Q: 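Below you will find the structure I want to go over with you.
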Amino acid sequence: MKGDLGLLRERNFLLFFIARTSSLTGNVIAPLGLAFAVLAMPDGSPSQLGLLLGTRTVAQLGLILLGGVLADRFARKRLIIVGETTAGCSQALTAALFLHGSVSMSFLVVLAAVNGASSAVSQPAATALVPQLVDAERIQPANALLRLAANVSRIGGVFVDGVLVAVVAPGWALAADAATYFLSAVLLMLARPRATSRAVAATEAPTGLLTELRGGWKEFSSLRWMWPVVGQFAVVNACFGGAIMVLGPAVTEHELGGAVAWSFVLAAHSAGFVLGSLIAIRIRPRHPLRTGVLVTFGFFPPYLLLAAGAPTWLIAVGMLTAGVCIDVFEVLWRTTVHTHVPEHSMSRVSSYDSLASFICTPLGLAVAGPVAAHIGVAETLVLSGVLVTVTSTIPLFFRAVRDLPSRVPGLDHVSA
């Protein structure tokens with residue numbers, strides 16, 4: 001592990017690592033600070049909060065394919081800087097509105113859309129920039145360290161936001177969020193990723209937006225190992241968002257003691273993320289995608305445990321296990337994308353990956369409550385868990401998924 005942590009001594013990766021940690025901390029602070037800021041308004045309501053969060057999500061998903069096209073045509077570092085700076089400005093204006101006390105919901109909706117659009121621009125570029133910062137044999141530990149940073153940011157961001165909201169005001173939490181974006185942009189200005197031939201090729205043979213999108217789709221759909229797993233996670237993410245995150249609090253509220261119990265469960269889930277990142281730094285499977293899909297069977301226990309009304313500590317263990325499995329999968333998946341997707345189309349393919357993986361999540365959030373009201377909460381949880389397990393089995397029927405070899409150098413001694 002000491003050798004893998006040596007990546008943090010490499011200037012370019014360290015700058016990117018700190019920049020992403022800063023930005024991701026802001027991503028955690030933002031929705032929490034916004035929630036308390038909106039609800040503190042004289043006429044604030046959950047519906048208004050839902051409108052703002054929904055607007056941001058729609059803008060992000062609606063423009064992420066465009067972000068992929070831009071990141072495959074222009075310098076990725078510059079696009080991330082533009083995205084981070086724009087996000088910082090939108091959050092700074094939002095914070096100023098709440099701190100000044102004159103809040104216009106229509107203006108807040110516009111700012112939420114701008115923030116979502118900025119994420120759509122920067123996310124595909126950030127995903128594809130990693131291979132320009134580290135050597136091929138260090139891509140997996142680099143992804144694991146970035147995931148570790150994201151998980152620590154998730155925990156630290158909640159703490160920072162809680163302190164700011166309690167001690168000062170929600171508006172200052174949003175101001176802190178803006179500062180994290182600006183810090184990220186400044187650090188990225190100092191980074192020097194390796195140049196590629198991608199931008200030169202795009203300049204010599206410019207094509208239209210639709211042509212670029214079709215090219216990205218052709219590349220995405222031609223990767224027989226990719227779309228079965230992406231289809232799997234369209235269902236997995238929808239079930240987790242709906243069954244676990246919507247129905248989980250209801251189960252703990254009625255059977256296990258309420259918010260304290262659910263907070264303990266979520267803390268265990270976050271701890272699992274951190275542990276999964278540490279595990280993923282070390283493992284080097286010969287067939288990483290096969291290993292990643294097999295790990296996803298660890299997602300099932302929380303559904304069954306919540307449905308059975310198990311003790312809080314046992315549900316927490318199930319969520320910790322699921323968190324470990326999620327992070328191990330994520331690192332192996334990102335490493336597979338970085339080593340098997342052509343560099344010139346990596347951002348577009350990643351944008352299709354993100355869009356398809358999360359496109360069903362709003363549906364899962366919307367239908368979980370009505371389905372539970374119709375057939376029962378426990379039944380909905382079990383049904384969701386079975387659906388996740390069955391869906392996780394399907395990719396293993398594809399030889400392209402099972403037999404995809406690792407392209408990380410130096411794995412001749414590693415077992416399958």
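From a predicted model like this one, the values you see are computed outputs, not experimental measurements.
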Q: Regarding Asp327 and Ser277, do their side chains bring together a donor and an acceptor under 3.5 Å, going by distance alone?
A: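 Indeed, the side chains of Asp327 and Ser277 share at least one donor-acceptor pair under 3.5 Å.
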
Q: Does any N or O in the side chain of Arg56 come within less than 3.5 Å of the main-chain N or O of Ala112, such that one atom is a donor and the other an acceptor?
A: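 Looks like no, no N/O pair under 3.5 Å.
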
Q: Between Trp225 and Trp333, how do the two ring planes meet: parallel, tilted or perpendicular, split at 30° and 60°?
A: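 Aromatic pair Trp225/Trp333 classed perpendicular.
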
Q: Determine whether the aromatic ring centres of residues Tyr352 and Trp217 are separated by less than 6.0 angstrom.
A: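 Yes, ring centres under 6.0 Å apart.
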
Q: Quick one: closest heavy-atom pair of Ser351 and Ile64, and the distance?
A: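 Shortest heavy-atom contact: CB-O, 3.2 Å.
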
Q: Quickly, which of Ser22, Ser184, Ser119 forms a side chain to side chain donor-acceptor pair (under 3.5 Å) with Glu84? Name it, please.
A: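 The residue from Ser22, Ser184, Ser119 that satisfies side chain to side chain donor-acceptor pair (under 3.5 Å) with Glu84 turns out to be Ser184.
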
Q: Quick one: do Glu219 and Arg348 make a salt bridge, cutoff under 4.0 Å?
A: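 Here Glu219 does not pair with Arg348 in a salt bridge, since their nearest N and O are not under 4.0 Å apart.
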
Q: On a heavy-atom basis, which atom in Gln232 and which in Thr391 lie closest, and how many Å separate them?
A: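 Looks like CA-CG2, 3.4 Å.
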
Q: Between Val109 and Thr55, which heavy-atom pair has the shortest distance, and what is it?
A: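 Heavy atoms of Val109 and Thr55 come nearest at O-CG2, 3.6 Å.
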
Q: Please say which of Phe240, Phe358, Phe329 ends up in a ring-ring contact (aromatic ring centres under 6.0 Å, His included) with Phe233.
A: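 The ring-ring contact (aromatic ring centres under 6.0 Å, His included) with Phe233 is passed solely by Phe329 among Phe240, Phe358, Phe329.
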
Q: One thing to verify: whether Glu10 and Arg194 come together as a salt bridge, which I'm taking to mean a side-chain N less than 4.0 angstrom from a carboxylate O.
A: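 Salt bridge flag = no for Glu10 with Arg194.
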
Q: When you compare the side chains of Thr335 and Asn143, does any donor N or O come within less than 3.5 Å of an acceptor on the partner?
A: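 Yes, a side-chain donor-acceptor pair sits under 3.5 Å.
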
